[in-house]
Colleague: 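Can you read through this structure? Questions will come right after.
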Amino acid sequence: MDLDPPSADVPSPAIHPPIAFLDRTYDEALSLTYAARGCIAAGLARPLAGASASTSFTASVESMRLTVRLTQVMAWCLAQKAIFSGELARDPETVEKFALGARELCLGGAENAHVEGLTKPFQGLLAKSHALYVRVLRLDELMHREVMGSA
């Protein structure tokens with residue numbers, strides 16, 4: 001029977017969310033990505049007929065914001081899974097390098113999820129992607145505080 005204490009290199013389960021949680025978050029982001037692709041391909045990200053130029057501009061900006069949010073979340077989940085599995089070091093440099101990015105862009109636009117002239121499916125994707133980004137941002141900030149505090 002091995003009585004040696006666990007290695008300091010092994011991530012603490014209290015610090016790292018279980019891999020199943022990361023898988024669910026990644027799966028949610030991937031599902032939203034497929035839905036976004038379908039929405040855009042079907043023309044549902046375009047404004048409704050007769051919408052103003054302002055609404056058309058908003059639709060374009062929000063399409064890009066949606067894409068950036070989902071890409072950032074998926075990349076963050078993959079990096080966290082790599083850290084959790086030991087493929088990447090759990091240190092301040094790695095946590096900083098793989099932090100959730102584009103915060104200003106991704107946090108903006110929440111008010112546009114209900115712009116009249118945008119289709120309901122597109123509005124739903126905007127709201128869901130914003131909520132997912134905010135949840136992952138909280139996890140990213142928690143990871144950042146824990147790693148920087150232990151450094």
Side-chain angles (χ1 to χ4, degrees), residues 1-47 57-115 118-151:
M1 182 160 106
D2 185 35
L3 298 177
D4 291 335
S7 168
D9 295 338
V10 177
S12 165
I15 294 172
H16 290 285
I19 203 80
F21 175 77
L22 289 172
D23 286 341
R24 285 192 308 269
T25 304
Y26 178 80
D27 289 347
E28 181 181 356
L30 187 59
S31 176
L32 284 174
T33 300
Y34 284 131
R37 183 212 170 271
C39 184
I40 292 167
L44 297 174
R46 284 188 240 131
F57 179 74
T58 297
S60 295
V61 169
E62 293 308 318
S63 292
M64 295 304 292
R65 190 184 319 269
L66 173 67
T67 303
V68 173
R69 280 181 188 149
L70 296 174
T71 302
Q72 287 294 321
V73 169
M74 290 174 58
W76 184 87
C77 287
L78 289 172
Q80 296 311 306
K81 287 169 72 169
I83 290 169
F84 181 74
S85 70
E87 294 176 42
L88 292 174
R90 187 180 175 276
D91 58 24
E93 293 81 16
T94 302
V95 169
E96 195 66 39
K97 181 177 181 180
F98 293 102
L100 194 62
R103 291 178 185 201
E104 186 175 333
L105 173 69
C106 292
L107 290 173
E111 69 282 358
N112 292 333
H114 304 291
V115 167
L118 299 181
T119 65
K120 294 294 181 197
F122 187 52
Q123 289 177 9
L125 287 171
L126 292 174
K128 288 177 184 176
S129 69
H130 185 268
L132 178 62
Y133 188 89
V134 168
R135 284 195 332 258
V136 171
L137 180 59
R138 286 186 199 124
L139 292 173
D140 185 54
E141 289 171 348
L142 176 65
M143 171 69 94
H144 190 268
R145 280 193 308 270
E146 288 175 350
V147 170
M148 297 309 177
S150 66

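The figures that follow rest on heavy atoms only: side chains count, while hydrogens, waters and symmetry mates do not. We number each residue from 1, following the sequence as shown. Computed from a predicted model, the values in this text were never measured in an experiment.
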Colleague: Give a yes or no answer on whether the side chain of Thr33 reaches the backbone of Ala29 with a donor-acceptor pair at less than 3.5 Å.
Modeller: yes
Colleague: Hey, what do you get for CD (Glu28) to CE (Met74), rounding to the nearest 0.5 Å?
Modeller: 12.0 Å
Colleague: Could you pull out the closest heavy-atom pair between Cys39 and Leu125, with the gap in Å?
Modeller: CB-CD1, 3.6 Å
Colleague: How long is the span from the CZ atom in Arg69 to the CG atom in Leu105, to the nearest 0.5 Å?
Modeller: 8.0 Å
Colleague: Just verifying a value: how many Å separate Met143 CE and Phe84 CZ, rounded to the nearest 0.5 Å?
Modeller: 10.0 Å
Colleague: Keeping Asp91 on the side-chain end and Thr94 on the backbone end, is there a donor-acceptor pair under 3.5 Å?
Modeller: yes
Colleague: Donor-acceptor pair, Ser63 side chain versus Ala59 backbone, under 3.5 Å?
Modeller: yes
Colleague: Find out whether Leu126 and Leu118 are in side-chain contact, i.e. whether some heavy atom of one side chain is under 4.5 Å from a heavy atom of the other.
Modeller: yes
Colleague: Output the distance between atom CG (Leu132) and atom CD (Gln72), rounded to the nearest 0.5 Å.
Modeller: 12.0 Å
Colleague: State, to 0.1 Å, how close Trp76 and Phe98 come at their nearest heavy-atom pair, and which atoms those are.
Modeller: CD1-O, 3.4 Å
Colleague: Got a second to check how far Lys97's NZ is from Leu88's CG, nearest 0.5 Å?
Modeller: 8.0 Å
Colleague: Could you give the distance from CG (Asp140) to CZ (Arg145), rounded to the nearest 0.5 Å?
Modeller: 10.0 Å
Colleague: Decide, yes or no, whether a salt bridge links Arg65 with Glu62 under the criterion of side-chain N to carboxylate O below 4.0 Å.
Modeller: yes
